[in-house]
Structure formats: C-alpha cells, structure tokens
Amino acid sequence: MTGGGADVDGAVRARRAAVTILHGFEEYHERFQAVTRRALRRFEQGDWDGVRRDTAERFRFHPRGLAQALEDLRHQLGAALDKELWSRVKELYTEAVLGRDDFELAQTFFNSLSRKLFPHVGLDPAIDFVPADFPLLYRGWEMASARTYAVHRASPGALRRILEDTGLHAPFHRLDAQCTAIAARLEPEIERLGGSIDAIDVLRPVFVRNKSAYVVGRLRRGRHLVPLLLPILYQDDGLQIDAVLTTENEASIVFSFARWYFHAEVDNPRAVVGFLSSILPRKRIAELYISLGYSKHGKTELYGDVMKHVSTAAERFHVAPGERGLVMAVFTMPSLRFVFKVIKDRFPASKRTSRREIREKYRHVLLHDRVGRLVDFQEFEDVAFPRHRFEPALLDELLEVAGETVQIEGDQVVIGHMYVGRRVTPLDLFVRERGEEAARAAVIDWGYALKDLAAAGIFAGDMLLKNFGVTRHGRVVFYDYDELRPLGECSFRPMPQPRDEIEELYDQPFFSVAEGDVFPEEMRSFLGLGGALRAAFESAHADLFGVDFWRAMQKAVGGGEMVDFFPYRREKLLAEESSASS
C-alpha cells in the first residue's frame with residue numbers, strides 16, 4: 001500500500017510539474033508575441049527607438065521565463081525532485097504539447113530547464129528531448145502560414161491586393177503607382193519562368209526589423225520558385241516600397257547571420273521556417289529559426305545538425321585558417337560552415353581583459369543591432385565530441401591553451417563553454433589569395449564596415465585585417481569582439497607631436513594615454529596593406545584617419561540618430577520608378 005501510494009503521489013507531482021512547465025512556456029511565448037505585435041505598431045508610427053528597445057527586450061524573456069519556472073518547480077517539488085521524477089515529467093509534458101503548432105519551442109524550453117536542474121554534458125534521452133524527438137517536416141508545411149494568389153502575371157491589381165492584405169494600418173503613398181512599378185520589375189522574372197506563373201505565395205506575417213518591414217513571398221511555376229521580398233519604409237506621406245528583391249542571394253543577405261533578428265508574429269514556426277527554406281535552400285533550419293528571434297530553438301537545431309555531421313563526416317576538426325588569436329582558440333571542420341571558439345585560459349599582457357569581460361562583450365553584441373557587420377555567435381556549454389574527430393595537433397593545442405575549458409573524459413572531448421558561428425574567409429587571407437579586383441573591393445568594403453559599425457555606436461577596437469572576414473556574398477564582417485566597445489566610451493584624440501628630438505627618439509609614448517583613448521592616425525600603421533590596395537583604401541576612406549569623422553559619429557549616435565542600414569544594393573531601389581509612373 002505504501003509503495004502504491006508513493007507511486008500515486010509521484011504521478012500527481014509529475015503531472016503538476018508538467019502543467020507548471022507548460023504554463024511557464026506559454027507565459028514566455030505570449031510575452032514574446034506581444035512585443036512582436038508591438039514592434040509592428042511601432043513601425044507604423046515611425047517609432048524606431050521603440051523598435052530597437054523591443055528587439056533588445058525580447059532577448060530577456062526566455063531567461064526570465066526559465067527563472068520563474070525553476071522557482072515554481074522547486075517550490076512544488078522540493079526534495080522530491082530527482083532524475084527519475086523528471087523523466088516522468090518529460091513523458092507527461094510530451095503528451096501535453098502534442099498537436100501544438102509551437103511544440104518544438106515548448107520542447108526546447110523543457111530542455112533548458114533540464115540543464116538548469118540537472119547540469120550534464122550533452123543530451124540525456126531520459127530527461128532531455130533529443131534531435132529524434134523533433135520530427136519536423138518542413139516541406140509540405142510551408143503554406144500553412146501563407147496566402148496564395150492564383151495569378152499568371154504579377155499585375156498591378158494583384159500586387160495591390162497583396163499589399164492591402166498585409167493589414168498595415170498606415171496608408172501606402174501612391175499605391176497604384178508603386179504597384180505598377182513593382183509589376184514592371186517582376187516582368188523579366190516571369191519571362192524567365194516561361195512567360196507565366198501558377199501563383200504568388202506570400203507569408204501572412206509582416207517581418208519588421210529596425211526601420212523596415214518586409215513582405216516575404218515567392219513566384220511559383222511548378223517546382224520553380226523565385227523569391228519575392230518587398231521592403232517597406234515608413235515615410236511622412238505614406239508607406240513606400242523601397243526595392244524589389246528576387247534572387248536567392250538577395251533574400252539570403254536580408255536574412256543574414258550578421259543582422260539582428262526579425263519581429264514576425266508567427267503562430268506556426270515550422271510552417272514559416274518551411275516557407276523560408278523553400279526560397280533559401282542553402283540556409284540551415286537553425287539559422288532561419290534564429291532569424292525569427294527563436295535563438296534558443298535555433299541552438300537546438302544547430303546542436304543536432306553539428307552532432308549529426310560530426311558523427312558521419314570522414315574528416316576531423318582542425319585549427320581554423322588564419323592567424324592565431326590571442327584570446328580565442330578557434331577550430332572548424334572542412335565541410336562544416338561553422339567555427340568553434342573557446343576562450344583561452346590566459347592572455348598576453350597586451351590584452352587587458354578577463355574571461356568575464358569577454359563573455360560580456362559577446363552578450364553586448366547579442367543585444368545590439370549588428371547592421372550586417374557583426375557575426376552572430378551562439379553560446380554553448382558542456383558539449384561532448386568524439387575524441388577521434390580531432391586532429392592530434394589541435395587537441396594538444398586546446399588542452400594547452402584552454403585546459404580549464406577543454407577536457408578529455410574517456411573517448412570524448414568535453415568543452416565546458418564555446419561560441420559557434422558561421423565561418424567566413426579571414427580578410428587577411430582573402431586579400432592575399434584572391435584576385436586584385438576582389439581584394440580591392442573587399443578592402444574598400446572593410447572601410448565601409450568600420451563606418452557602419454561607428455554609425456551604429458560601435459568601435460571595433462582591434463582593427464587588424466585578421467579580425468575581419470568576407471562572406472560568400474563578398475561582404476566584410478567583424479568577428480573578434482574582445483576589444484569591442486561602445487563608441488561613446490572612446491576618446492578620439494589627435495596624435496601629439498614630439499616637442500624636441502629627444503621625445504622623437506622615444507620607443508614608448510612620450511605622452512599619457514588614458515583608458516579609452518584612441519588615436520585614429522595610428523590606424524595607418526595597422527592597415528597591413530601595401531601598394532595598390534593601400535592606395536585604394538586611403539583614397540576611399542582617408543577620413544577614418546582623423547578625429548573629425550569619429551567625433552561626428554559620436555555626436556550623431558549620442559543624439560539618438562539611427563542610420564539606415566538596408567541589406568540591398570542601391571540599384572534595387574524602386575522610388576524613382578514609382579514616382580515616374582505616377
């Protein structure tokens with residue numbers, strides 16, 4: 001009788017715990033969705049600072065929801081909380097989330113609780129949901145959150161209906177003229193599809209980021225799909241379609257890993273991800289979830305992808321190409337498009353920082369608009385890889401420089417903390433290995449990357465070529481954050497001139513240098529460029545070597561100015577055409 005009563009009590013406790021967890025998840029997700037809806041309203045009012053605040057605030061909901069759920073569970077279960085009970089909770093929770101459109105997000109929420117309650121390496125199928133528990137069939141689901149417009153041509157009338165169906169409350173400026181201009185832009189694409197299409201499919205959610213909203217759709221003829229993205233700007237005289245984007249590359253840049261996440265009111269995440277995957281087949285499912293702000297589940301997908309790849313690949317991890325870093329040990333696998341970064345145990349005296357400060361820098365990037373120039377890194381803890389998947393030289397190096405984080409346990413290499421991000425070609429390698437034209441374009445874009453970061457209120461700090469990379473689209477991005485700081489914390493000073501011959505001969509600075517002092521003129525000596533490449537950079541970006549540019553940027557950022565960072569080329573702009581046709 002006692003055993004049976006204890007079993008009944010355990011079942012009751014497990015069921016209550018499952019209900020508590022589901023309630024915690026639903027509260028978190030409702031807050032997430034409420035802010036998403038609010039961001040759309042802010043766009044319609046031109047409240048850019050509000051959109052930015054909402055984007056940063058949304059990151060905090062998942063940890064807050066976890067903290068509240070943990071507190072409730074510990075209060076409910078007390079000493080009764082053990083792995084055996086938690087395994088029963090998982091079974092009941094699985095039943096509770098069956099049939100939900102967001103069940104994968106609910107399962108990831110549960111996994112986050114598991115790791116908090118029972119710290120462990122990797123995944124434990126008894127208490128965690130594992131990749132096999134996420135049977136998400138993205139193909140075939142993509143139309144669940146989309147509208148179909150059964151038209152053979154992209155007529156102005158059909159486009160008007162598409163824009164009206166967005167439900168945006170702010171009126172469009174000269175809507176008929178804009179639709180006529182969009183139709184003209186789409187005509188060549190339809191001709192390439194054979195002169196007609198079966199339909200235009202459009203996702204129901206409007207995607208908001210910074211100062212833009214996006215209509216996301218596709219032209220469809222049989223199995224042939226053409227992306228259709230219409231970025232919308234808020235103007236005083238009405239909403240304006242800014243461009244027409246119709247290639248996979250253009251769509252990929254909009255959903256880039258170097259940009260902040262979208263606000264999109266999504267009821268069925270896997271349906272929206274399925275649609276996005278149909279027009280972005282080279283992007284991983286993990287990246288698409290992350291682009292929607294579901295970074296925790298994106299990490300779940302990324303973990304599953306990486307572990308599957310590592311278990312089946314016939315190759316090993318090796319040191320990532322490029323110059324060794326002073327703060328991070330970085331490794332990769334040739335066929336994997338990601339790099340893995342581990343903080344070293346000790347840093348040279350020139351790096352006046354700490355592990356805690358480095359982690360804070362990466363969190364700062366997460367909460368900051370990345371303006372297409374900062375690589376997104378996901379943070380992982382307690383991950384185990386098979387030991388035989390490491391090149392011996394790499395493993396020796398990791399144990400030597402990061403032995404407090406990387407340990408060998410039997411036939412596994414356990415990494416206590418690391419960052420995972422997209423792999424790009426280091427800029428110093430790019431300019432040495434690519435042709436003159438590509439190298440020149442990259443060097444000039446490097447200058448624009450520094451300016452974009454400054455306009456977003458960020459000073460890169462260590463501006464060496466090796467700390468920047470080039471994406472497959474030829475865009476320069478920054479990925480070394482240990483010396484990154486807010487622009488407002490810098491004091492930009494002209495280089496003092498020596499007062500006499502003795503000071504001129506000093507091998508150390510003859511003037512005082514305070515924390516945060518920056519001498520832009522010194523950048524010339526750190527370029528790492530020569531000949532035509534140096535001349536090209538200096539011709540395009542001579543202003544970077546003077547204090548006036550940097551102080552002007554500080555003033556603009558300090559005054560609350562938000563610069564436009566649009567992820568498409570100027571030749572894609574539609575404004576002149578729609579004005580001409582009015």
Side-chain angles (χ1 to χ4, degrees), residues 35-55 145-147 149 151 154-186 200-219 227-246 250-251 253-255 259-266 272 291-292 369 371-372 561-582:
V35 168
T36 295
R37 289 190 291 270
R38 189 170 70 199
L40 182 58
R41 302 285 84 85
R42 291 190 190 280
F43 167 78
E44 294 171 333
Q45 299 162 10
D47 180 7
W48 314 131
D49 189 56
V51 173
R52 180 166 55 185
R53 291 198 311 272
D54 284 345
T55 306
S145 294
R147 295 185 179 92
Y149 299 85
V151 294
S155 67
L159 291 164
R160 181 186 182 99
R161 179 61 182 271
I162 288 170
L163 294 177
E164 289 175 339
D165 284 347
T166 61
L168 290 167
H169 295 147
F172 283 87
H173 174 67
R174 295 179 177 175
L175 181 56
D176 288 336
Q178 292 196 60
C179 291
T180 298
I182 298 168
R185 282 285 186 94
L186 292 178
I200 303 175
D201 304 321
V202 179
L203 280 171
R204 295 175 186 273
V206 176
F207 289 64
V208 175
R209 183 175 62 202
N210 295 334
K211 299 171 75 172
S212 300
Y214 290 81
V215 173
V216 179
R218 65 190 188 186
L219 307 177
L228 173 59
L229 273 64
L230 302 176
I232 307 171
L233 303 186
Y234 174 91
Q235 308 284 1
D236 291 339
D237 55 357
L239 301 179
Q240 175 74 46
I241 303 299
D242 197 41
V244 180
L245 309 179
T246 56
E250 289 169 344
I253 292 172
V254 170
F255 285 86
R259 295 190 181 274
W260 232 0
Y261 309 150
F262 281 107
H263 293 268
E265 191 174 356
V266 174
V272 173
S291 74
L292 296 174
D369 181 8
V371 302
E561 181 179 339
M562 284 185 66
V563 179
D564 298 333
F565 296 101
F566 299 125
Y568 40 86
R569 301 187 306 275
R570 296 293 89 189
E571 58 264 32
K572 287 292 179 177
L573 294 184
L574 191 69
E576 292 184 4
E577 294 175 30
S578 58
S579 297
S581 60
S582 61

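Just so it is clear, the model here is predicted, and its values are computed rather than measured.
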*Asks:* In plain terms, say whether E44 and R41 are close enough for a salt bridge, that is, a side-chain N and a carboxylate O under 4.0 Å apart.
*Replies:*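 Yes.
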*Asks:* Give the minimum heavy-atom separation between V51 and A39, together with the two atoms involved.
*Replies:* CG2-O, 4.0 Å
*Asks:* Taking the side chain as every heavy atom from C-beta outward, state whether P231 and Y214 have any atom pair closer than 4.5 Å.
*Replies:*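 Yes, their side chains come closer than 4.5 Å.
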*Asks:* Only one of V202, D201, L203, V206 passes side-chain contact (heavy atoms from CB on, under 4.5 Å) with V216; say which it is.
*Replies:*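 Single pass found, and it is L203.
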*Asks:* Looking at side-chain heavy atoms only, is the closest gap between L163 and L239 below 4.5 Å?
*Replies:*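 With C-beta onward as the side chain, the pair stays apart.
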*Asks:* As an exercise, state the distance from CG of L175 to NE2 of H173, rounded to the nearest 0.5 Å.
*Replies:* 11.0 Å
*Asks:* Just by modelled atom types, is the K572 backbone N or O under 3.5 Å from a matching donor or acceptor in the R185 side chain?
*Replies:* yes
*Asks:* How many angstroms lie between CG in L230 and CG in L245, if you round to the nearest 0.5 Å?
*Replies:*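 Spacing of CG (L230) from CG (L245) equals 7.5 Å.
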*Asks:* Minimum heavy-atom separation for S155 and A183, please, with both atom names.
*Replies:* C-CB, 4.4 Å
*Asks:* Counting C-beta onward and ignoring hydrogens, is there a side-chain heavy-atom pair between L573 and D242 closer than 4.5 Å?
*Replies:*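 Contact flag for L573/D242 side chains = yes.
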*Asks:* Measuring from atom CG of L229 to atom CD1 of I253, what distance do you get when rounded to the nearest 0.5 angstrom?
*Replies:*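 Going from the CG atom of L229 to the CD1 atom of I253 covers 11.5 Å.
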*Asks:* Which atom names give the shortest non-hydrogen contact between Y149 and R161, and what distance separates them?
*Replies:*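 That closest heavy-atom pairing would be CE2-CG, 3.9 Å.
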*Asks:* Roughly how far apart are Q240 CD and L233 CG, rounded to 0.5 Å?
*Replies:*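 Separation between the atoms: 7.5 Å.
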*Asks:* List in chain and number order the residues that pass salt bridge (charged side-chain N to carboxylate O under 4.0 Å, His left out) with D236, two or more places apart in sequence or in another chain; answer none if no residue qualifies.
*Replies:* none
*Asks:* If you look at every heavy atom in R259 and V254, which pair is closest and at what distance?
*Replies:* CD-O, 4.1 Å
*Asks:* Measure the acute angle between the ring planes of F255 and F262, then classify it against the limits of 30° and 60° as parallel, tilted or perpendicular.
*Replies:*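 Geometry flag for F262 against F255: tilted rings.
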*Asks:* How long is the span from the CD atom in E164 to the CZ atom in F172, to the nearest 0.5 Å?
*Replies:* 9.0 Å
*Asks:* Taking all non-hydrogen atoms of both residues into account, name the closest pair between T36 and E265 and its distance.
*Replies:* CG2-N, 3.4 Å
*Asks:* If you define the side chain from C-beta out and look only at heavy atoms, does anything of T55 sit under 4.5 Å from D369?
*Replies:*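 No, too far: nothing below the 4.5 Å cut-off.
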*Asks:* Angle class for the F43/W48 ring planes (parallel below 30°, perpendicular above 60°, tilted otherwise)?
*Replies:*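 It falls in the tilted class, 30° to 60°.
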*Asks:* How long is the gap from CD1 on I162 to CD1 on I200, to the nearest 0.5 Å?
*Replies:*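 The distance works out to 4.0 Å.
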*Asks:* Grab the two heavy atoms, one from P205 and one from V266, that are nearest each other, plus how far apart they are.
*Replies:* CG-CG2, 4.5 Å
*Asks:* Could you go step by step and tell me if R570 and Y568 meet the side chain to side chain contact (heavy atoms under 4.5 Å, CB included) rule?
*Replies:* CA-CA 7 Å; R570 296 293 89 189; Y568 40 86; 3.8 Å; yes
*Asks:* Can you spot which of N210, V208, L292, L40 makes a side-chain contact (heavy atoms from CB on, under 4.5 Å) with H263?
*Replies:* V208
*Asks:* If we ignore hydrogens and angles and just use 3.5 Å, is the side chain of Q178 paired with the main-chain N or O of I241 as donor and acceptor?
*Replies:* yes
